[in-house]
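Note that the structure is a prediction, hence the values are computed from the model and not measured. Just follow the structure's listing: the first ligand is 1, and inside any ligand the first atom is 1.
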Amino acid sequence: MNFSKLPLSKAMLDTLEKLGYLSMTPIQAESIPHIIAAKDILAQAKTGSGKTAAFGIGVLHRLDVKNFRVQSLVLCPTRELADQVAKELRKIAKFQHNVKILTLCGGESFGKQFSSLSHNAHIVVGTPGRVLKHLNKGSLELTNMQTLVLDEADRMLDMGFFEEVEAIINFTPKSRQTLLFSATYEESVLEISKRVQHEPLHIETHIDESPNDIEEIFIKSDNKEESVVKVLSLYKPQNVIVFTNTKLAAAELAQSLQTRGIDALAIHGDLEQYERNDVLVQFANGSCPILVATDVAARGLDIKELSMVLNFDMAHTKETYTHRIGRTGRAGAQGIAITLYEQSESLKVEEYQNDERSFKRDEELEGNSTFTLAPKNVTLVIEGGKKDKLRAGDILGALTGTGVVSGSSVGKIDIYDKQSYVAIKSEDIEKALTHLKRNKIKNKNFSIWAL
Ligand code: ADP
Ligand code: MG
C-alpha cells in the first residue's frame with residue numbers, strides 16, 4: 001500500500017510524504033494505476049476514503065506543465081466542494097513548479113474569472129453552471145482537454161445537473177478520459193454514466209475496505225427540537241452537522257436553536273456566497289458548534305474532526321443517508337450519527353434496521369432539554385488577505401506582539417484573497433478586537449470586525 005509502488009516521480013512521492021500520506025487508501029491503490037494508464041473509471045469508495053487525492057494524483061501525474069492549456073476539468077456540485085478539491089489538488093501539485101489550478105464557480109466575479117482564464121490554467125475545478133457559461137462565451141476552451149472528473153458523480157449525473165454536465169461534455173474531445181468518483185450510485189445513474197464514458201472500469205473498494213467507525217443511533221421522537229437539545233446535552237459533541245431536507249427548514253431550525261441558547265448557523269443554497277463562506281469558516285474554527293445543512297450544501301465536505309451528524313429530517317434515500325453520516329468518521333476517525341424519526345416515519349425506518357444500528361425512544365434519553373451551548377471561539381474578520389500579502393504570521397504577530405493577547409487565545413487563521421479570519425477565544429474577543437483596531441498589521445490599517 002506504499003505510494004512508491006506506483007510509477008510516480010520522486011518529487012511527487014516526497015510531496016505526498018510531506019502531506020502525511022504515508023500509505024495509499026484502498027481506492028487510491030486501485031484507481032491510480034488505471035488513471036495513469038488513461039482508462040475511464042467509475043469508482044465507488046466510502047466517504048472520507050481519499051477519493052480526491054486518488055483522482056488528484058492521477059491527473060497531476062499526467063499533466064504536462066509546459067503545455068499552457070486546460071488539460072483537466074473537475075466538476076463538483078457546490079462551490080465549497082470545488083474550493084476544497086482545488087485546495088487538495090494545489091497541495092499535491094506542490095511537487096512541481098507553476099501548475100495553475102483555477103476555480104470557476106458561480107457567485108464570483110465573472111470578469112475576474114475571465115481575466116484569470118486569459119492567463120491560462122492547467123486544471124479547472126468548478127461548478128457546472130459557471131463552467132458552461134465560460135464555454136458558451138468562449139473564455140474557456142476544452143479542445144485540448146485530457147481528463148474530465150465528476151466528483152460526487154451520482155449527484156452530477158442526476159436530473160438536477162445532468163443537462164448542464166452534458167452540455168459541458170459537448171465542448172470536450174471524444175478522446176478524453178472520464179473519471180467518475182462517488183460513495184454511492186443509484187441504478188438510474190449507472191445507466192446515464194454509459195453515455196459519458198468509454199468502456200469504464202468499475203472499481204468498488206467497499207469490498208476490501210473496513211467500514212467507517214460511525215456509531216449509528218435512531219431515536220423516535222415526538223418533539224424533534226427537544227430531542228436535539230437532549231442529544232447535545234447527553235453526548236456533548238464538539239461540533240455537529242444537523243441535516244434538514246429543505247433550505248427553509250435549515251434556516252428555521254438554526255434560528256430556533258439560537259433562541260434556545262444553542263449556537264447554530266445554517267448553510268444552504270439560498271445564502272449569498274460570502275455568507276456561506278462566513279458560516280463554514282466559523283464552523284471549522286470552533287466559533288459555531290452547530291451547522292444546520294441541506295444535502296447539497298454538505299456533499300463531499302471534509303470537515304476535520306467532526307464529532308457528530310444529526311439527521312433532524314430523515315434522508316429520502318439510503319444513498320443520501322450514506323453521504324450525510326459520511327461527514328463524520330472520516331480518514332480513520334470515530335463518529336456518531338443520530339437520526340430522529342417520528343411515529344409516522346416508523347415504516348420507513350424499518351429499511352434502516354440492521355445489526356449495527358441501535359434504536360431508542362426519546363423518553364429513554366436522559367439528556368437535559370434546557371441545555372445551552374456557546375461557542376468556544378469568536379471569529380474576527382480582517383478586510384485584507386493574500387492580495388495585501390498578509391500572512392498568518394503577520395496577523396499573529398500584530399495580535400500577540402505586545403503581550404496584550406496571548407498566543408493561546410488565537411486559534412485557526414484563514415487567509416483568503418481579500419479577507420482573513422481569525423478564531424479568538426470567546427473570553428478574549430473584546431481585548432483582541434480593541435487591540436487590533438488600534439494597531440496596524442504590516443504597517444497598514446485594515447477594517448476589522450467580529451462575526
Ligand atoms: P472522500 O472524497 O473519499 O470522501 P477526501 O478526499 O475528502 O475523501 O479525503 C478525506 C481525508 O483524507 C482528507 O482530509 C485527506 O487529506 C485525507 N487523505 C487522503 N488520502 C490520504 C492518505 N493516503 N493518507 C492519509 N490521509 C489521506
Ligand atoms: Mg470527495
Notebook entry, point to check: ligand 1 and G48, any nitrogen or oxygen pair closer than 3.5 angstrom?
Noted result: yes
Check: Any N or O of R330 that comes nearer than 3.5 Å to an N or O of ligand 1?
Finding: yes
So if I count the atoms of ligand 1 from 1 in the order they appear, which ones are less than 4.0 Å from some heavy atom of [X]?
X: T52; value: 2 (O), 5 (P), 6 (O), 7 (O)
X: K304; value: 14 (O)
X: E88; value: 16 (O)
X: K46; value: 3 (O)
X: F3; value: 23 (N)

Salt bridge flag under 4.0 Å for residues [X] and [Y]:
X: D278; Y: R276; value: no
X: K94; Y: E17; value: no
X: D158; Y: R155; value: yes
X: R130; Y: E108; value: no
X: K51; Y: D151; value: no
X: K87; Y: D83; value: no

Closest protein heavy atom (residue, atom, distance) for [atom]:
atom: atom 20 (N) of ligand 1; answer: Q28 NE2, 2.9 Å
atom: atom 12 (O) of ligand 1; answer: A331 CB, 3.6 Å
atom: atom 27 (C) of ligand 1; answer: Y21 CE1, 3.5 Å

Check: Under 4.0 angstrom from ligand 1, any heavy atom of S49?
Finding: yes
Note to self: Quick one about Q177 and T147 (side-chain donor to acceptor, distance below 3.5 Å, no hydrogens or angles considered), yes or no?
What the structure shows: yes
Next item on the list: Please state whether the rings of Y341 and F359 are parallel, tilted or perpendicular, taking 30° and 60° as the class boundaries.
Entry: perpendicular
Item checked: Y421 and Y416 aromatic ring geometry - parallel, tilted or perpendicular at 30°/60° bounds -> perpendicular
Item checked: Winner among A53, G50, S23 once heavy atoms are compared against atom 23 (N) of ligand 1 -> S23
Checklist line | Options T47, L301, D302, V85, ranked by nearest heavy atom to atom 11 (C) of ligand 1, top entry | finding: D302
